[in-house]
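Scroll down for the structure; my scribbles are underneath it.
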Amino acid sequence: MNADGKETEKTRIKPRILSGFRDFRPEVMIPRERMIETAKQVYRAYGFAPIDTPTLEYLDILLGKGGDESDKQMYRFTDNGGREVGMRFDLTVPLARFVAQHSNDLGLPFKRYHIALVWRGERQQFGRYREFMQCDFDCIGSLHVSSDIETALVIDDLLHSLGFDRFTIRLNSRQILNGILETVGLLDKSVAVLRSLDKLGKVDRTAVIEEMEEKAGASRTEAENILKLADLNGSNQQILRDLEPMVRGNEVGETGLARLHAIVDGFEAAGANGARIKIDVSIARGLAYYTGAVFETVLDDLPGIGSVCSGGRYDDLAGVYTKQELPGIGASLGLDRLLAAQEKLGMIPEVQTPAQIFIPYFDKTGLHQYLKLAGDLRRAGLRVEVYPEAKKLGQQLKYADRRGFVVAIIQGRDEFEQGVCQVKDLRSGDQNEVVTDDLQVLVQHLNDLLSVE
RNA sequence: GUGGCUGUAGCUCAACUGGUCAGAGCGCUGGAUUGUGGUUCCAGAGGUUGGGGGUUCAAGUCCCCUCAGCCACCCCA
């Protein structure tokens, strides 16, 4: 303000953020952190160990690993030292570099999880952003189908632990697809063919055939033969039976079929719900490096959001970085898509505070006692906030209510004199007087209240 | 990256064919005799109509550019 009482002329920068990038307020960050924490717990439960890698890598490390598209979508620039660098667009390529660089120290098989941001210069859409978080888990160094089964189990476990009940893990095998393409004579066009095949869910049959003719140079008969795959229907066992004649005599195809069988059987044998996994021969996954099983997970209630957890097996993760052959399998949880889904499905409670217990700063002279009580309760494992000002009690309770605190502990002059406190359940409004000289009693009472959902 | 639709207070929206059109509800802040929230009542703050330019006597309302959001393609978490 100047002498006239008017605001001084000043060039203000309008606060704004880049398209496709986001700010996170507490009410979205709280469920976000919870989801990350849940994913970590699941990964750890299977023995996956955490790693991290730089967001920036030398450009040649990243280029050409995920196909032309990922090259195009990659954020890249020349750094201040004149180096060509890129921001990672997934966590698999950095993993490859990481394992190639440290394989001597890591030992195989190596199981890791990696939760971090990745960047893709793509148009934003619902559930799709330019900066988003991936939660990868991979097992490097084993060819055994056991890790394929485990991958399916982890996906199942993840979705379950995140509170989703209605979802389908779609399973397919690149080996089967390649086997069939080989017998048809289109193996060299596999990428284009599979890309078209992948669209079957969205586009109609004739459009897919036309695209195969156009982009992959397939004949109409060849295209139609491939599309027979999509006609396969029914139970997993039924599809497996139907596939058998289609791959017979082709080594790759037969191997793929046998492995698919083993995954389905192993999934159920481990105690998971077999109905949750569904062989779908039309899913191919765009990524070029998959060579075996491929997974894709769709929420039954929100299929439009796309896959929320996908991955697959690759023979040679790090061939461009090292002579050592490193086969592996893994998948990536789409945290941002799942959060968008939870939001849309009303699975996210509106809470703006991570604390449960609220202590109003009620009696002006009681600050030390409030702080002491809060400290005691925190040491007992509770999350507690003391209001920072001695405002009117009603206003403080209003604040607590809005933020979503569960319990308020009210103490004024009377309570201090009597050695008690009022424990108020902010959801029901019920209030009980509890003695404060025995902390255990109070903590027990609070835990009882908090355990009620 | 390409194409389409949209853009008014923090949020959801209103304002006839360009002319008191800058509003409502919710939210927010404060109050309704000094120890109790989520109900009610009162008051207040808050927008140069995303930004810039143009047409016009006059634009939120028409045109262009730009930014952002949504949708489709591409691709994918």
Side-chain angles (χ1 to χ4, degrees), chain A residues 12-22 25 27 35 39 66-74 89-92 115-136 155 158 191 195-196 198-199 202-203 207 211 215 283-288 295-299 304-311 330-341 350 358 360-364 366 387 390-416 421-431:
Chain A
R12 287 235 161 68
I13 297 165
K14 186 176 185 181
R16 66 217 155 103
I17 55 177
L18 260 19
S19 175
F21 290 72
R22 296 163 292 165
R25 286 168 295 136
E27 55 266 45
M35 185 172 280
D68 296 345
E69 279 306 320
S70 34
D71 289 358
K72 267 192 245 166
Q73 295 179 356
M74 191 161 69
F89 60 88
D90 71 10
L91 300 177
T92 306
I115 300 178
L117 291 171
V118 302
W119 294 268
R120 293 183 191 172
E122 229 194 341
R123 272 288 170 92
Q124 163 171 4
Q125 257 181 74
F126 177 78
R128 306 175 59 169
Y129 308 94
R130 289 185 165 173
E131 176 181 69
F132 62 97
M133 189 160 273
Q134 286 196 325
C135 306
D136 277 32
I155 294 175
L158 278 169
V191 173
R195 195 159 282 168
S196 308
D198 215 27
K199 288 182 189 155
K202 295 182 179 176
V203 200
E211 191 181 310
K215 295 202 172 157
I283 70 157
R285 308 260 69 230
L287 286 176
F295 299 92
E296 208 169 87
T297 312
V298 179
L299 299 177
I305 205 170
S307 175
V308 293
C309 189
S310 14
S332 182
L333 184 74
L335 187 103
D336 286 291
R337 284 190 179 177
L338 282 169
L339 281 166
E350 281 186 37
F358 180 75
Y361 185 172
F362 182 29
D363 179 8
K364 284 190 187 63
Y387 195 79
K391 281 214 278 193
K392 286 169 85 171
L393 183 59
Q395 282 175 34
Q396 297 190 48
L397 288 175
K398 195 168 181 177
Y399 168 92
D401 185 53
R402 297 259 158 82
R403 299 284 156 131
F405 284 89
V406 181
V407 175
I409 300 178
I410 303 165
Q411 277 182 299
R413 188 166 300 279
D414 297 346
E415 283 79 9
F416 285 138
C421 63
Q422 307 295 336
V423 175
K424 186 180 180 81
D425 185 332
L426 291 171
R427 297 163 301 191
S428 63
D430 297 343
Q431 186 166 310

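Only heavy atoms go into these numbers, but all of them, side chains included; no hydrogens, no water, no symmetry mates.
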Atom CZ in R123(A), atom OG in S19(A): separation rounded to 0.5 Å?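 Spacing of CZ (R123(A)) from OG (S19(A)) equals 7.5 Å.
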Rounded to the nearest 0.5 Å, what separation is found between the NZ atom of K424(A) and the CD1 atom of I410(A)?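 Nearest 0.5 Å value for the NZ-CD1 distance: 6.0 Å.
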Do the side-chain N or O atoms of [X] get closer than 4.0 angstrom to the phosphate oxygens (OP1, OP2) of [N]?
X: Q395(A); N: G30(B); answer: yes
X: K391(A); N: U34(B); answer: no
X: R402(A); N: C28(B); answer: yes
X: K398(A); N: U29(B); answer: no
X: S332(A); N: A77(B); answer: no
X: Q396(A); N: G37(B); answer: no
X: S19(A); N: G69(B); answer: yes
X: Q124(A); N: G69(B); answer: yes

Check: [N] base within 3.5 Å donor-acceptor of [X] side chain:
X: R123(A); N: G3(B); value: yes
X: R120(A); N: C76(B); value: no
X: E415(A); N: G35(B); value: yes

Interatomic distance where CZ belongs to F358(A) and P belongs to U36(B) [whole Å]: 15 Å
Whole-Å distance between A77(B) P and I155(A) CD1? 12 Å
Looking at every strand, decide which applies to E122(A) at a 4.0 Å heavy-atom threshold: base, sugar-phosphate, or nothing.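 Result for E122(A) = base.
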Sugar-phosphate, base or nothing in reach of G394(A), heavy atoms under 4.0 Å: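 Sugar-phosphate, backbone atoms only, no base.
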S310(A) side-chain proximity, nearest of A77(B), U36(B), C75(B):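 Closest nucleotide among those given: A77(B).
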Side chain of F126(A): nearest nucleotide among C74(B), G37(B), C70(B)? C70(B)
Taking any strand in view, what nucleotide pairs with [N] in a Watson-Crick or G-U wobble way, both distances under 3.5 Å?
N: C26(B); result: G10(B)
N: C21(B); result: none
N: U39(B); result: none
N: U2(B); result: A72(B)

Are the ring of F132(A) and the six-membered base ring of A77(B) within the stacking cut-offs of under 5.5 Å and under 30°? yes
How do Q422(A) and R337(A) order along RNA chain B: which one's closest nucleotide is nearer the 5' end?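 Closest to the 5' end, via its nearest nucleotide, is Q422(A).
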Parallel, tilted or perpendicular, judged at 30° and 60°: which one describes the rings of F358(A) and Y399(A)? tilted
